[in-house]
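Naming convention: chains lettered A, B, ... in sequence-line order (proteins, then strands); numbering from 1 in each chain.
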Amino acid sequence: VNATVGIDVGSTYTKAALVGEDGRLLGTGICPTGFRLEAAASAALEEARAASRIDDGALLYLCSTGYGRYSLPERDLQVTDLTAQAWGARFFFPRTRTVLDVGGQTMKAMRLDESGKVQSFRLNDKCAAGTGAFLEKTARYLGYRIEEMPALVECSTEAVPVSGVCAVFAESEVINHVSAGAAPADIMHGAMRSLVQRSVQLMKRVKMEPEFTLVGGIMRFSTMTRVMHEQLGAAVNVPPEALVQYTGAIGAAVLAGRRLEKLRREGEAPERAVEVAA
Amino acid sequence: VSAASAVAAGAPVAELARQGWERRATVSPERVFEHVLLYNELGYEVRVERADPAENPGGCSACFRPESPDRVLYIRREQ
């Protein structure tokens with residue numbers, strides 16, 4: 001089986017995905033990005049290759065995305081995060097028209113047309129620092145790890161209000177709630193609701209239309225998608241939990257496949273296998 | 001990165017709007033390049049201005065660092 005490669009060099013993690021010529025997802029890999037972007041990409045790709053059991057020579061074309069997309073000299077193609085996420089969302093849910101991507105450092109909303117082209121997009125403003133890092137910070141302050149957040153929120157009886165227009169003020173609010181004796185579960189629930197409210201505001205700014213697809217690492221927590229569903233008052237799509245943070249890499253791999261197909265039709269497909277130096 | 005991306009100093013907001021610039025985001029200096037690159041690739045010119053806390057709603061300056069002020073990004077379709 002031959003495959004194309006997508007590598008998403010994100011600010012926190014680097015993800016790799018292999019998509020076969022038949023359109024099936026064959027393997028994924030992940031590695032903290034750190035300062036050596038190329039090494040992280042190589043490690044993520046190696047993990048994906050091991051998971052897929054694909055031969056070294058069967059990786060045919062590489063598309064990079066994410067903020068470090070230009071840091072891979074071996075790439076054949078690079079696309080913006082928005083384009084990759086749009087294609088990744090449509091890989092799982094072809095009728096997607098609005099995508100919300102909540103990452104560690106940024107939040108992005110985009111509206112797509114029927115063909116998947118980005119029609120409108122918005123990135124979060126620093127002054128409304130609604131990102132995964134905000135939830136992680138809140139959890140840490142409360143003495144929990146982010147992985148413990150879902151179970152914690154499930155214990156909540158009532159979310160305490162966290163206005164969260166500004167991350168600095170939101171942090172002060174959390175501190176005040178702790179001092180006032182509020183339960184950590186209710187504070188965490190409030191912080192999550194605050195993040196979701198900001199997400200919905202961002203989606204409104206792109207004139208959201210169903211179907212809605214939610215991606216990004218924070219969406220691996222089902223409580224987050226449940227609160228999102230409540231706030232939107234509409235059904236939401238979420239890729240399988242184990243793959244929700246790979247949508248950018250998957251979208252890049254799909255785009256690599258489309259480009260390779262086009263080059264083959266034109267008789268210009270490269271005749272060498274993908275390698276990423278460690 | 002387009003030529004319009006150089007950090008400019010204090011152009012009046014009304015004048016920028018008249019020239020077709022739309023205020024898009026406030027970002028920390030270390031993330032400016034990433035955002036400019038993204039907007040450039042999507043077909044936008046980007047203008048980068050130093051953030052002025054006095055321009056924020058209510059004059060909020062909670063996260064303003066005088067030694068490393070944030071940047072405000074303005075965008076407009078490439079002409």
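- Two residues are said to be in side-chain contact when any heavy atoms from C-beta on lie closer than 4.5 Å; N124(A) and K108(A) fail this criterion.
- Residues P239(A) and V215(A) are in side-chain contact: their nearest non-hydrogen atoms beyond the backbone lie under 4.5 Å apart.
- Contact of F121(A) with chain B is made through backbone and side chain together, with heavy-atom distances under 4.5 Å.
- For the pair T247(A)/F91(A), no side-chain contact is recorded, criterion being any heavy-atom separation below 4.5 Å from C-beta on.
- Cation-pi geometry between R259(A) and Y61(A) is not satisfied (NZ or CZ under 6.0 Å from the ring centre, within 45° of the ring normal).
- Proximity to chain B (any heavy atom under 4.5 Å) is shown, for R122(A), by both the backbone and the side chain.
- Heavy-atom distances place the side chain of R31(B), and not its backbone, under 4.5 Å from chain A.
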